[in-house]
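Take a look at the structure set out below.
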Amino acid sequence: IPKNENGSIKVSPDLRVIGQKNIFALGDINDVPELKQGAFASLQAELTVKNIQRLLKDPDASLKSYKAHSPLGLITLGPKLGAVQLPFAYPNFLIAIKQKDLFVSKYLGK
């Protein structure tokens, strides 16, 4: 498996391991140039599921590419404080959204 100088697995734009047709590398292990955050891994997973579905229907299908994202951060500091960093703004109202359940319901399917 090809790796870069940091030991990350090299992937093509559709997140397939370089030189492999049916093996994908997602999240922390790939060399996509973005911060290794759970939110981005989730986006990579969503795209990969769709690409695998395409391959199951047609092994020669063209796959969608993943676009790396700029850094973002949402940190809660108690029930009323926090900080938000997005590449384009600092929308503090997002703190209130995250503080409800720390986005846990997003991953529990609620």
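- Residues that satisfy the side chain to side chain donor-acceptor pair (under 3.5 Å) test with N30, not counting sequence neighbours, are K36, Q44.
- Remark: Y66 pairs with H69 by the ring-ring contact (aromatic ring centres under 6.0 Å, His included) rule, at least two apart or across chains.
- The heavy-atom pair separating P33 from A68 by the smallest distance is O-CB, 3.9 Å.
- Under the side chain to side chain donor-acceptor pair (under 3.5 Å) criterion, K50 pairs with no residue, sequence neighbours left out.
- Considering only residues two or more places apart in sequence or on other chains, K21 meets the side-chain contact (heavy atoms from CB on, under 4.5 Å) condition with R16, D60.
- Residues passing the side chain to side chain donor-acceptor pair (under 3.5 Å) test with S12, sequence neighbours excluded: D14.
- Separation of atoms CG (L55) and CZ (F24) is listed at 5.0 Å; rounding is to 0.5 Å.
- With hydrogens and angles disregarded, no donor-acceptor distance shorter than 3.5 Å links the side chain of N4 to the backbone of I9.
- How far CG of D31 is from CG of L15: 9.5 Å, rounded to the nearest 0.5 Å.
- Residues that satisfy the salt bridge (charged side-chain N to carboxylate O under 4.0 Å, His left out) test with D58, not counting sequence neighbours, are absent from this structure.
- Using a distance-only test at 3.5 Å, with no hydrogens or angles considered, a donor-acceptor pair links the side chain of N51 to the main chain of K64.
- A donor-acceptor pair under 3.5 Å links the side-chain atoms of S42 to the main chain of G38, judged by distance alone.
- Taking each heavy atom of R54 and S62 in turn, the nearest pair found is CD-O, 3.5 Å.
- D28 pairs by the salt bridge (charged side-chain N to carboxylate O under 4.0 Å, His left out) definition with nothing, not counting sequence neighbours.
- Annotation: side-chain contact (heavy atoms from CB on, under 4.5 Å) contacts of P2 (sequence neighbours excluded): K10, V17, I18.
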